[in-house]
2 protein chains.
Amino acid sequence: MRVTINDIAKAANVSPATVSRAIADSPRISKATKKKIFKIMEEMNYYPNVIARSLARKSTNIIGILVMGTTEKAFQHPFFPEILRGVASVAYKNKYKILISSVTNMDEQREIVDDLTQSGITDGILLLSSGVKDPSITYLKEIQFPFVVVGRPDNENEVNWVDNDNISVGYKMTQHLIEMGCTEIAFLGVDRKFIVTLDRLKGYKMALQDNNIALNEDLIVEGKFVDDTGYELMKNLMEKGIVPSGVIACDDLLAFGVIKYLNEKGLKVPDDVAVAGFNNVPLSSYFTPPLTSVDINAFSLGAKGFELLMACMKSEYKSFNRAIIPTQLIIRESTLKK
Amino acid sequence: MRVTINDIAKAANVSPATVSRAIADSPRISKATKKKIFKIMEEMNYYPNVIARSLARKSTNIIGILVMGTTEKAFQHPFFPEILRGVASVAYKNKYKILISSVTNMDEQREIVDDLTQSGITDGILLLSSGVKDPSITYLKEIQFPFVVVGRPDNENEVNWVDNDNISVGYKMTQHLIEMGCTEIAFLGVDRKFIVTLDRLKGYKMALQDNNIALNEDLIVEGKFVDDTGYELMKNLMEKGIVPSGVIACDDLLAFGVIKYLNEKGLKVPDDVAVAGFNNVPLSSYFTPPLTSVDINAFSLGAKGFELLMACMKSEYKSFNRAIIPTQLIIRESTLKK
DNA sequence: CTGAAAGCGCTTACAG
DNA sequence: CTGAAAGCGCTTACAG
């Protein structure tokens with residue numbers, strides 16, 4: 001049998017209440033008593049049962065993370081583990097545990113959100129997805145359950161969220177390509193289900209405008225966001241007879257496919273076509289040529305997201321907080337035209 | 001206030017015990033009573049409190065996953081999310097939840113294992129690491145806590161584990177390179193802390209022997225397993241004046257670095273040097289040239305790992321089970337010498 | 001087929 | 001500074 005708080009109480013000649021208070025380091029217990037209790041706990045190898053504690057406290061110190069993996073590739077994207085590392089690092093320091101669920105579609109997500117919130121297992125939820133019109137967000141707001149979205153949601157003023165400034169991210173990259181002399185810049189991988197891609201596109205458009213470059217809708221290509229379909233997207237574009245001088249892909253993985261296709265067509269990157277991605281995956285620096293990208297600081301997204309969630313779980317005052325994580329444009333050979 | 005089993009009992013004019021049994025679909029409750037109870041549960045929007053249930057049942061239906069991320073890069077490796085997907089998929093079907101912890105060293109791992117096992121939060125543990133002389137394994141065996149290791153541990157006959165046959169994996173790849181005409185084959189990324197690298201090395205040696213190729217210890221290079229240090233490892237090797245005709249790297253990430261270095265030195269892959277990796281990361285097919293690798297079926301590793309763990313948590317009969325997940329050699333241009 | 005009661009292992013308002 | 005008691009919301013052996 002495992003040793004309980006009652007065993008400790010008996011051995012220490014105090015009440016279970018006193019042991020409980022000693023563990024919680026209550027100022028109402030004398031130092032001497034605490035010391036005695038801790039000694040006995042040590043000797044008897046006592047560990048508090050967190051389930052019992054959770055039931056009594058009506059709080060578990062567990063948060064749920066929902067990873068929306070629309071495709072396998074999305075889930076394999078290195079930026080998820082990075083966000084997770086960020087969350088875990090802050091959570092660990094604050095004695096929180098992390099329950100993880102990966103979901104493949106919105107319906108499944110709603111089901112899991114339902115379970116996680118109603119079963120009493122989690123104190124708060126972190127949504128790693130920023131789907132447009134996300135039903136989970138509506139629901140979580142409705143039941144007033146603490147949650148934070150990593151990724152700006154569409155109702156941004158009524159939700160706690162953390163994200164990069166993706167408009168600025170798109171702007172910076174476009175500006176960079178323009179400075180490299182590109183005028184016909186294709187923008188690949190716009191996925192209307194993901195706000196992040198729409199924001200980056202918005203930044204792209206703004207940069208063109210600021211540089212008096214006319215917008216050519218043909219250069220904007222919809223497609224999956226995080227996937228390895230860059231090859232096909234580029235192929236489709238060029239088979240329409242369009243050969244841009246620069247290509248911005250919404251994710252590095254797409255950019256790799258783009259470069260592969262260009263290589264096959266005998267076009268040189270960056271001299272014939274400059275190519276850039278976003279999210280700065282670890283391999284971008286090893287690609288041939290090394291890929292220009294934007295580091296989104298996924299670790300910080302996760303860490304900050306958890307901080308917001310903690311605030312949200314603790315505070316009795318309702319508010320909607322947001323946090324913007326800075327990004328860095330990482331210029332590599334793939335856009336450095338001679 | 002949330003609605004409890006007692007509220008349902010009152011509304012249905014039965015005892016809480018009956019409601020509890022109805023939820024558990026006990027055959028001892030009449031169909032009529034069940035129907036009445038379910039209807040009321042629905043109406044009152046009742047969800048069982050899993051914490052209370054866990055306390056009463058002394059079992060939580062939560063498993064803990066420990067990801068050993070010795071380096072950031074290791075954690076970012078696409079094969080972790082893939083394993084996780086596999087675990088999650090089977091866990092979800094069986095109504096298990098997943099608690100995830102990432103640890104950066106063995107001491108931290110022990111601490112977390114301690115917490116996870118003693119606090120009563122998890123019913124079983126999945127270790128995603130196969131460190132040599134892992135203290136957590138020793139401990140888990142000692143306290144007889146249900147656990148499974150993904151990756152063959154050194155005391156393989158006293159532990160439940162799932163893994164690929166990494167000796168065979170190393171053998172297959174080496175054999176392939178030999179068939180491509182390579183005789184001087186370098187083997188990069190042997191990390192004595194990771195059994196998987198030692199096993200692959202063993203397969204390499206066996207293949208050489210079977211083909212009557214003398215082992216040249218200079219061609220075996222120790223290094224980090226999952227990291228982007230391939231460039232340096234290859235550089236060190238060649239600066240000793242060694243130019244192999246084939247290179248096998250213990251992970252695709254290393255192989256990418258190797259190819260980058262070879263490119264810089266003006267050596268053609270595969271014609272001058274054939275290069276292969278392991279683990280078949282998503283980008284391997286997009287690399288220039290596309291990289292020969294071995295698919296380890298990470299999803300299956302995870303799924304099977306969880307199955308073993310379930311068996312281990314449920315069975316009253318002690319046994320040590322293992323599962324071997326098949327692998328596929330994926331031959332791409334990087335080793336296809338003309 | 002159903003219920004009363006004890007129990008899971010904690011916490012905490014109340015009382016002293 | 002400490003304790004007795006009630007309570008968190010379930011489950012289950014026992015009894016009928």
Side-chain angles (χ1 to χ4, degrees), chain A residues 1-38 40-41 44-62 95 97 115-123, chain B residues 1-38 40-41 44-62 95 97 115-123:
Chain A
M1 280 321 303
R2 55 175 300 150
V3 12
T4 71
I5 209 169
N6 292 301
D7 301 327
I8 303 297
K10 262 174 222 152
N13 260 314
V14 294
S15 74
T18 300
V19 178
S20 174
R21 291 191 184 105
I23 293 170
D25 200 23
S26 157
R28 291 165 51 192
I29 305 293
S30 74
K31 291 230 190 297
T33 313
K34 278 183 191 166
K35 186 174 270 181
K36 180 174 64 176
I37 289 173
F38 287 142
I40 291 175
M41 278 172 35
M44 299 182 67
N45 198 27
Y46 169 73
Y47 288 86
N49 180 318
V50 298
I51 298 294
R53 173 182 289 169
S54 297
L55 182 59
R57 285 197 189 153
K58 290 164 162 283
S59 137
T60 59
N61 269 32
I62 296 178
K95 311 275 183 205
K97 295 192 192 336
D115 181 27
L116 254 33
T117 53
Q118 303 296 346
S119 67
I121 187 70
T122 53
D123 291 347
Chain B
M1 278 323 301
R2 53 175 304 149
V3 13
T4 72
I5 208 169
N6 292 299
D7 301 326
I8 303 298
K10 261 174 222 152
N13 261 314
V14 294
S15 74
T18 299
V19 177
S20 175
R21 290 192 183 104
I23 294 171
D25 201 23
S26 157
R28 290 166 50 192
I29 304 293
S30 75
K31 291 232 189 297
T33 313
K34 278 183 191 167
K35 187 172 269 180
K36 180 174 66 174
I37 290 173
F38 287 142
I40 292 176
M41 277 172 37
M44 300 182 65
N45 198 29
Y46 169 73
Y47 288 86
N49 180 317
V50 299
I51 297 294
R53 173 182 290 168
S54 297
L55 183 58
R57 285 198 188 152
K58 289 164 163 282
S59 136
T60 58
N61 267 34
I62 295 177
K95 311 273 183 206
K97 295 192 190 341
D115 182 27
L116 255 32
T117 53
Q118 303 295 346
S119 68
I121 188 70
T122 54
D123 291 347

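Quick note on labels: first sequence line is chain A, next is B, and so on, each numbered from 1.
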Nearest whole Å is fine: how far is C:dT2 P from B:Lys10 NZ?
20 Å
If I pick the P atom on D:dA6 and the same atom on D:dT2, what distance separates them, to the nearest angstrom?
23 Å
Whole-Å distance between C:dC1 P and B:Asp25 CG?
13 Å
Going from CD1 on A:Ile62 to CD1 on B:Ile121, what distance comes out if it is rounded to the nearest 0.5 angstrom?
3.5 Å
Kindly compute the distance separating NZ (A:Lys10) from CG (A:Asn6), expressed to the nearest 0.5 Å.
6.0 Å
Less than 4.0 angstrom between a side-chain N/O of B:Ser15 and OP1 or OP2 of C:dG3, yes or no?
yes
Which residues share a side chain to side chain contact (heavy atoms under 4.5 Å, CB included) with A:Ser54, sequence neighbours left out
A:Thr60, B:Ile51
Taking atom P of C:dG9 as reference, at what distance in whole Å does atom CD1 of A:Ile23 sit?
14 Å
In whole angstrom, what separates B:Asn6's CG from C:dG3's C1'?
13 Å
Taking atom P of C:dT2 as reference, at what distance in whole Å does atom CG of B:Asn13 sit?
12 Å
Listed by chain and number, what are the side chain to side chain donor-acceptor pair (under 3.5 Å) partners of B:Thr18, not counting sequence neighbours?
B:Ser15
Protein-nucleotides 12-16 of chain D N/O pairs closer than 3.5 Å?
from	atom 1	to	atom 2	distance (Å)
D:dA13	N6	B:Arg21	NH2	2.4
D:dC14	N4	B:Arg28	NH2	3.3

Kindly express the pairing pattern of DNA chain C in dot-bracket notation, using | wherever a base pairs with another strand and counting only Watson-Crick or G-U pairs under 3.5 Å.
|||.||||||||.|||
OH/A:Tyr47 to CE/A:Met41 distance, rounded to the nearest 0.5 angstrom?
10.0 Å
By side chain to side chain donor-acceptor pair (under 3.5 Å), which residues pair with B:Ser30, not counting sequence neighbours?
B:Thr33
Of all residues at least two apart in sequence or in a different chain, which pass the side chain to side chain contact (heavy atoms under 4.5 Å, CB included) check with B:Ser20?
B:Ile5
By side chain to side chain donor-acceptor pair (under 3.5 Å), which residues pair with B:Ser26, not counting sequence neighbours?
none
Among pairs that include at least one residue of residues 16-30 of chain B, which meet salt bridge (Lys or Arg N to Asp or Glu O under 4.0 Å), considering only residues two or more places apart or in two chains?
B:Asp25-B:Lys34
Between D:dC10 (C1') and B:Asp7 (CG): distance, integer Å
13 Å
With sequence neighbours excluded, residues passing salt bridge (Lys or Arg N to Asp or Glu O under 4.0 Å) with A:Asp123
none
Using atom C1' of each nucleotide, how far apart are C:dG16 and C:dT12 to the nearest Å?
16 Å
Not counting sequence neighbours, which residues clear salt bridge (Lys or Arg N to Asp or Glu O under 4.0 Å) with A:Asp115? List them please.
B:Lys97
Distance test, side-chain N/O of B:Lys58 to OP1/OP2 of C:dG9, below 4.0 Å
yes
Between CZ of B:Arg2 and C1' of D:dG9 the distance, given in whole Å, is 9 Å
Any residue meeting side chain to side chain contact (heavy atoms under 4.5 Å, CB included) with A:Ala11, in chain and number order, not counting sequence neighbours:
A:Ile40, A:Met44
Within residues 45-55 of chain B: residues closer than 4.0 Å to DNA chain C (heavy atoms):
B:Leu55
Send over the distance from A:Ile8 CD1 to C:dG9 P, rounded to a whole Å.
13 Å
